[in-house]
Amino acid sequence: MKITFYGQNSFGIKIGDINLLVDPFITGNELAKDKIDIKDLKADYILLTHAHQDHTLDAEAIAKNTGAVIVSNFEIVNHYEEKGLECHPMNHGGSWDFEFGKLKYVNAIHTSSFPDGSYGGQPGGFVIESEHKNIYIAGDTALTMDMKLIPMHTKLDLAILPIGDNFTMGVDDAILASDFVECDKIIGCHYDTFGYIEINHEEAKRKFYEKGKDLMLLGIGESIEL
């Protein structure tokens with residue numbers, strides 16, 4: 001499994017020959033738009049955690065360019081099906097066996113609306129169980145006790161958690177979240193993109209390290225392999 005960071009909450013995840021793209025917000029991200037060309041991105045599936053613009057802005061363009069299937073909650077899927085795009089609807093607690101592995105849609109505490117104010121369903125996160133590695137993509141969320149349910153059914157190799165505070169968990173709550181999901185290998189997201197969520201990188205890494213955890217803050221376009 002290869003994971004590439006495209007800024008904010010946007011990640012490319014390559015599982016075998018299958019390419020997943022999570023929450024594509026690139027052309028509107030001042031930190032990413034000059035580094036990543038969305039026309040070059042590969043996607044067989046686009047996973048959307050919720051409807052906010054900083055998670056969905058480029059989903060339509062990339063889906064049209066690649067033919068990707070959009071996977072999200074029922075309301076978001078309806079939105080994109082009306083645009084003629086191929087989609088797969090899910091809802092909280094449900095799972096589906098895709099060609100890349102089992103995908104489960106799990107709870108998140110946040111809001112969800114499209115830029116025009118229309119309803120974007122309830123926000124969520126994703127747990128991916130592939131042949132060799134399992135990861136949790138929290139999406140935008142507060143710390144929630146529901147996270148403790150995840151290790152009851154999945155042993156995680158990696159958790160992708162928001163750490164920017166103000167709109168989501170901050171670093172301290174993300175450390176607790178990593179305890180709840182029983183995973184000490186973390187990729188941080190949802191930080192630095194806007195003034196409200198700028199963080200001190202070294203302090204964040206130190207706090208995780210002091211708890212025996214590894215926080216990775218990837219540069220835009222940087223990848224890791226699991």
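Within a 6.0 Å radius of CG in Asp17, other residues, nucleotides and ligands contribute 12 heavy atoms or fewer. Around NE2 of His88, the count of heavy atoms belonging to other residues, nucleotides or ligands within 6.0 Å exceeds 12.
Phe11 and Phe5 have tilted rings, their planes meeting at an angle from 30° to 60° on a 0 to 90° scale. Ring geometry for Phe100 against Tyr45 counts as perpendicular: the plane angle is over 60°, on a 0 to 90° scale with 30° as the lower cut. Classified by interplanar angle (parallel below 30°, tilted 30° to 60°, perpendicular above 60°), the ring pair Tyr105/His92 is tilted.
Between Pro123 and Thr141 the shortest side-chain heavy-atom distance does not fall below 4.5 Å. The side-chain heavy atoms of Lys33 and Glu30, taken from C-beta on, include a pair separated by under 4.5 Å. Between Glu202 and Asn200, some side-chain heavy-atom pair lies under the 4.5 Å cut-off. No side-chain heavy atom of Leu158 sits under 4.5 Å from any side-chain heavy atom of Lys133. In this structure, Val181 and Leu161 have side chains that are not in contact, with every pair of non-hydrogen atoms separated by 4.5 Å or more. Proximity of Asp44 to Thr66: side-chain heavy atoms (C-beta onward) are nowhere separated by under 4.5 Å.
Cluster membership check: Ile109 does not share its hydrophobic cluster with Met90, using side-chain heavy-atom separations under 4.5 Å among Ile, Leu, Val, Met, Phe, Trp and Tyr. When the side chains of ILVMFWY residues are joined at heavy-atom separations under 4.5 Å, either directly or via intervening members, Ile18 and Met1 end up in a single hydrophobic cluster. Hydrophobic cluster membership is shared by Val171 and Ile160, with clusters built from Ile, Leu, Val, Met, Phe, Trp and Tyr side chains linked at under 4.5 angstrom. Hydrophobic clustering of Ile, Leu, Val, Met, Phe, Trp and Tyr side chains at less than 4.5 Å, counting indirect connections, unites Leu103 with Leu48.
None of Asn9, Asp140, Asp23, Thr111 except one satisfies the side chain to side chain donor-acceptor pair (under 3.5 Å) rule with His52; the exception is Thr111. Here the rule is side-chain contact (heavy atoms from CB on, under 4.5 Å) with Glu75, and of Asn78, Val77, Asn73 only Asn73 fits it.
Side-chain contact check for Asp54 and Gln8: at least one donor-acceptor pair (N or O, by modelled atom type) lies under 3.5 Å.
The line from CD1 of Ile175 to CD of Glu210 is 8.5 Å long, rounded to the nearest 0.5 Å. Interatomic distance, CD1 of Ile135 versus CD1 of Ile3, reported as 4.5 Å (0.5 Å rounding). Atom CD1 of residue Ile199 and atom NZ of residue Lys205 lie 9.0 Å apart, to the nearest 0.5 angstrom. Here CG of Leu149 is found 8.0 Å from CG of Asn107. Values are rounded to the nearest 0.5 Å. Of the inter-residue distances, the one linking Ile26 atom CD1 with Leu31 atom CG reads 12.5 Å to the nearest 0.5 angstrom. Between the CZ atom in Phe25 and the CD1 atom in Ile38 there is a gap of 12.0 Å [rounded to 0.5 Å].
A cation-pi arrangement is not found for Lys213 relative to Phe208, the charged atom failing to lie both closer than 6.0 Å to the ring centre and inside a 45° cone about the ring normal.
Screening residues 83-108 for salt bridge (Lys or Arg N to Asp or Glu O under 4.0 Å) gives Glu60-Lys83 as the qualifying pairs, with residues at least two apart or on separate chains.
Between Asp157 and Lys185 no salt bridge is recorded (no basic side-chain N to carboxylate O distance below 4.0 Å).
Annotation: His110 is not in aromatic contact with Phe167 [ring centroid separation under 6.0 Å not met]. For Tyr196 and Phe194, the distance between ring centers is not under 6.0 angstrom.
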Which pairs would a plain distance check flag for residues 214-226, meaning a side-chain donor or acceptor within less than 3.5 Å of a matching protein atom at least two apart in sequence or in another chain?
unit_1, atom_1, unit_2, atom_2, d
Glu222, OE1, Gly219, N, 2.7
Ser223, OG, Thr4, OG1, 2.6

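Judged purely by atom type and a 3.5 angstrom limit, Ser113 has no side-chain atom pairing as donor or acceptor with the backbone of Tyr119.
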